[in-house]
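These notes concern the structure reproduced below.
Basis for what follows: all heavy atoms, side chains included, without hydrogens, waters or symmetry-related copies. Source: prediction; values computed, not measured.
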Amino acid sequence: MLSDKERFVKNKLQNLFRLDIIFLSTDGALLSDAEEISYKLDALKEILCSQKTELDQLQLIMAEENVYFAIIPLSEMRVCIAGPMGGEFLSKQQRWNFHVHFHRQNREMPIPCFSFFRMKDMISLICFMLSGEMNKDPEIPNFQEGFTDLERYEVIQHQMNNEMANRARYTYQEELQFFQMVENGEVEKIVRILKNEEQSSREDVLQKVGVIARDSDFKQMEYTAVTEIALASRAAIRGNARPDICYDLSDLFLQKISVAKSVTEIYEISKQIAYRFSQEVLREKQERVKNPHVEQCKNYIAKHLYSRFTVEEMAKELSVSRTYLTGLFKKETGQSIRDYIIEHRVRAAANLLRYSNESIGQISDYMQFSSPGRFSQFFKRYYGTTPEIYRKENKMIEFTE
């Protein structure tokens, strides 16, 4: 039977977060009421058995892709299990897989979703509420300084395997030289390299970055592309490309890779990475004007694009008068500050229409338009259509839940 404290915590978690918790004895006997369980308990027990889960350790286990249960030991004879919980980006397909495999009685019942850090903190809080133990986190490998003997052995074995397989990899100088081209905005050089690479095999490209994933060309290419995104985006920022655009590009490339189904598909995406980031560097060089106040103005707008501000506030921040700044900006760019802000907010809103599920009213508020009607009016000016039609025609279905 449950104690008053256990029943109180169970009810509050269900009411606040729709999070189910059950109580088991360490031999697997159910201590909660069976009718309160919304999934097949035998399926969970099979997962615990297959993963050789120790019930005396506070930990987080993955029952299905992106669906988790928390194991919270209370005593030598009693354990609490909290879940199911979804990761922050739990998809419809992942929800369905859980429902099917766990024979969930009500497939419309939502799975509460949390970020990893919120999930970790919630589990620690449940542990404290039920057992009184503080500062306990779900099991995560401890950090150890330096190499252990096992790690040294693994590195040596990895080097020997590369030698035996006659694997050549890019040198640090080659890597540095390539990303220096991105930093300098040398688009034409990068295009020539990519065209030459077309003549070599995909296998050579995979091998020259070393073995990142064993026995999986797909994972090898995926990890290679993710690494290239990180290095190319930072190189572009060092080359004075706008950081906000570089971060958006990084996110979009990662999203494309996350839904890719084959090595060839990831490879085709990866060919665009260095090219697109170097383009941003080159574009910024071509648009860069001599007067620093205009560049400072653009940077201020980029930093405050999603918040409300006035030209007077911006001019004060830059230690110039409003009249001077508006006149200078118009002279150097051919565009008023107001029009520049509206254009960039509309373009940011277009990305939200394509890649998010926020309503048009929410996007209008988020981008600081006075009303959805005004937002629609400005959007049509730049895209020739309404936000509703644009979303319908351009929505990235793969990224929706």
For this session: List for me each residue that meets side-chain contact (heavy atoms from CB on, under 4.5 Å) alongside A349, sequence neighbours excluded, and say none if there are none.
Result: I363, M367, F375
Exercise. In Å and rounded to the nearest 0.5 Å, what is the OG to CZ distance from S370 to R308?
Worked result: 8.0 Å
Problem set entry | Presence of salt bridge, R242 and D244, under 4.0 angstrom | yes
Exercise. Is the backbone N or O of S359 less than 3.5 Å from a side-chain atom of Q362, with the two atoms forming a donor-acceptor pair by type?
Worked result: yes
Exercise. How are the rings of F379 and Y390 set relative to one another: parallel (under 30°), tilted (30 to 60°) or perpendicular (over 60°)?
Worked result: perpendicular
Problem set entry | Residue pair L55 / P73, side-chain heavy-atom distance below 4.5 Å | no
For this session: Using atom types as modelled and distance alone, determine if a side-chain donor or acceptor of T53 lies under 3.5 Å from a backbone N or O of L48.
Result: yes
Problem set entry | Interatomic spacing from CD1 in I301 to CZ in F309 - rounded to 0.5 Å | 5.0 Å
For this session: Kindly write out the residues that satisfy salt bridge (charged side-chain N to carboxylate O under 4.0 Å, His left out) with R345, not counting sequence neighbours, or none if the list is empty.
Result: none
Problem set entry | Audit row: H344, L305, side-chain contact (heavy atoms from CB on, under 4.5 Å) steps and yes/no | CA-CA 8 Å; H344 282 72; L305 195 63; 4.0 Å; yes
Exercise. Roughly how far, to the nearest 0.5 Å, is CG of D20 from NZ of K10?
Worked result: 6.0 Å
Seminar exercise, completed: For I269 and A260 the tightest heavy-atom approach is CD1-CB, 4.4 Å
Exercise. So, does T333 use its side chain to make a donor-acceptor pair with the main chain of F329 at under 3.5 Å?
Worked result: yes
Problem set entry | Shortest non-hydrogen contact between A225 and I273, atoms and distance | O-CD1, 3.8 Å
For this session: Count the heavy atoms belonging to other residues, nucleotides or ligands that lie under 6.0 Å from OH of Y382, then report whether that count exceeds 12.
Result: yes
Exercise. Does atom CG of D4 have more than 12 heavy-atom neighbours, drawn from other residues, nucleotides or ligands, at distances under 6.0 Å?
Worked result: no
For this session: Could you tell me whether the side chain of R391 and the main chain of L353 form a donor-acceptor pair under 3.5 Å?
Result: yes
Exercise. Are F179 and F277 close enough that their ring centres sit under 6.0 Å apart?
Worked result: no
Problem set entry | Nearest-0.5 Å distance, CD1 of residue I21 to CE of residue M129 | 7.5 Å
Exercise. Taking only residues two or more places apart in sequence or in another chain, which ones pass side-chain hydrogen bond (donor to acceptor under 3.5 Å, both in side chains) with S336?
Worked result: D339
Exercise. Which heavy atom in V281 sits nearest to a heavy atom in V182, and how many Å separate them?
Worked result: CG2-O, 3.3 Å
Exercise. Can you find a pair of side-chain heavy atoms, one from I193 and one from M181, that are under 4.5 Å apart?
Worked result: yes
For this session: Kindly state each residue pair satisfying ring-ring contact (aromatic ring centres under 6.0 Å, His included) with at least one member in residues 240-262, sequence neighbours excluded.
Result: none
Exercise. F69 and Y39: ring-ring contact (aromatic ring centres under 6.0 Å, His included), yes or no, with the steps?
Worked result: CA-CA 12 Å; F69 285 86; Y39 52 86; 5.3 Å; yes
For this session: For atom CD of Q377, decide whether the heavy atoms of other residues, nucleotides or ligands shown that lie under 6.0 angstrom number more than 12.
Result: yes
Exercise. Less than 4.5 Å apart, any side-chain heavy atom of E228 and any of S270?
Worked result: yes
Problem set entry | Derivation and outcome, side-chain contact (heavy atoms from CB on, under 4.5 Å), residues T385 and K380 | CA-CA 5 Å; T385 188; K380 194 169 184 178; 5.7 Å; no
For this session: Provide the closest heavy-atom pair for L282 versus G185 in the form atom of the first, atom of the second, distance.
Result: CB-O, 3.7 Å
Seminar exercise, completed: When rounded to the nearest 0.5 Å, the distance separating CD of E64 from CZ of F102 is 5.5 Å
Exercise. Under the 3.5 angstrom rule, does the side chain of Q59 hit a backbone N or O of Q57 as a donor-acceptor pair?
Worked result: yes
Problem set entry | Trace of the side-chain contact (heavy atoms from CB on, under 4.5 Å) decision for S371 with R374 | CA-CA 5 Å; S371 69; R374 291 287 286 171; 3.4 Å; yes
Problem set entry | Contact check, side chains of L130 and I126, non-hydrogen atoms, under 4.5 Å | yes
Problem set entry | Note: E388-K392 ion pair, threshold 4.0 Å (strictly below) | no
For this session: Run the salt-bridge test on E6 and R78 with the 4.0 Å N-O cut-off and return the result as yes or no.
Result: yes
Problem set entry | Under 3.5 Å: donor-acceptor pair, side chain of Q368, backbone of Y306 | yes
Problem set entry | Sub-4.5 Å side-chain heavy-atom contact between F369 and V346 | yes
For this session: Please assess C297 against L325 for the test side-chain contact (heavy atoms from CB on, under 4.5 Å), listing each intermediate value before the final yes or no.
Result: CA-CA 8 Å; C297 181; L325 186 61; 4.3 Å; yes
Exercise. Looking at H101, Q93, Q94, which one forms a side-chain hydrogen bond (donor to acceptor under 3.5 Å, both in side chains) with N97?
Worked result: Q93
For this session: Check the side chains of S258 and Q255 for a donor-acceptor pair under 3.5 angstrom, ignoring hydrogens and angles.
Result: no
Exercise. Hey, does the side chain of S25 reach the backbone of A29 with a donor-acceptor pair shorter than 3.5 angstrom?
Worked result: yes
Problem set entry | Q279 versus Y275, side-chain donor and acceptor atoms under 3.5 Å | yes
Exercise. Backbone N or O of Y340 within a donor-acceptor pair of the E343 side chain at under 3.5 Å?
Worked result: no
Exercise. Can you list the residues that meet the ring pair (Phe, Tyr, Trp, His ring centres under 6.0 Å) rule with Y324, with sequence neighbours excluded?
Worked result: H293
Problem set entry | Rounded distance [0.5 Å steps], CG in L328 versus OG1 in T323 | 12.0 Å
Seminar exercise, completed: Smallest heavy-atom separation, M221 atom then I266 atom, equals CG-CG2, 3.3 Å
Exercise. Mind checking whether I72 and I123 have side chains closer than 4.5 Å, heavy atoms only?
Worked result: yes
Problem set entry | Contacts of K189 that satisfy side-chain hydrogen bond (donor to acceptor under 3.5 Å, both in side chains) - sequence neighbours left out | E186
Problem set entry | Check: I360 main-chain N/O paired with S364 side-chain donor or acceptor under 3.5 Å | no
For this session: Answer whether the closest heavy-atom distance between the side chains of M85 and I111 falls below 4.5 Å.
Result: no
Exercise. Of the non-hydrogen atoms in I190 and A274, which two are nearest, and what is the gap between them?
Worked result: CD1-O, 3.9 Å
Exercise. Is a side-chain N or O of R18 found less than 3.5 angstrom from the main chain of Q14, in a donor-acceptor match?
Worked result: yes
Problem set entry | Worked verdict on K316 versus E312 for salt bridge (charged side-chain N to carboxylate O under 4.0 Å, His left out) | CA-CA 6 Å; K316 185 177 180 180; E312 286 82 356; over 6 Å; no
For this session: Determine whether more than 12 heavy atoms belonging to other residues, nucleotides or ligands lie under 6.0 Å from atom NZ of K331.
Result: no
Exercise. Taking the side chain as C-beta and beyond, is there a heavy-atom pair between L19 and M122 under 4.5 Å?
Worked result: yes
Exercise. In this structure, are over 12 heavy atoms from other groups packed under 6.0 Å from R338 atom CZ?
Worked result: no
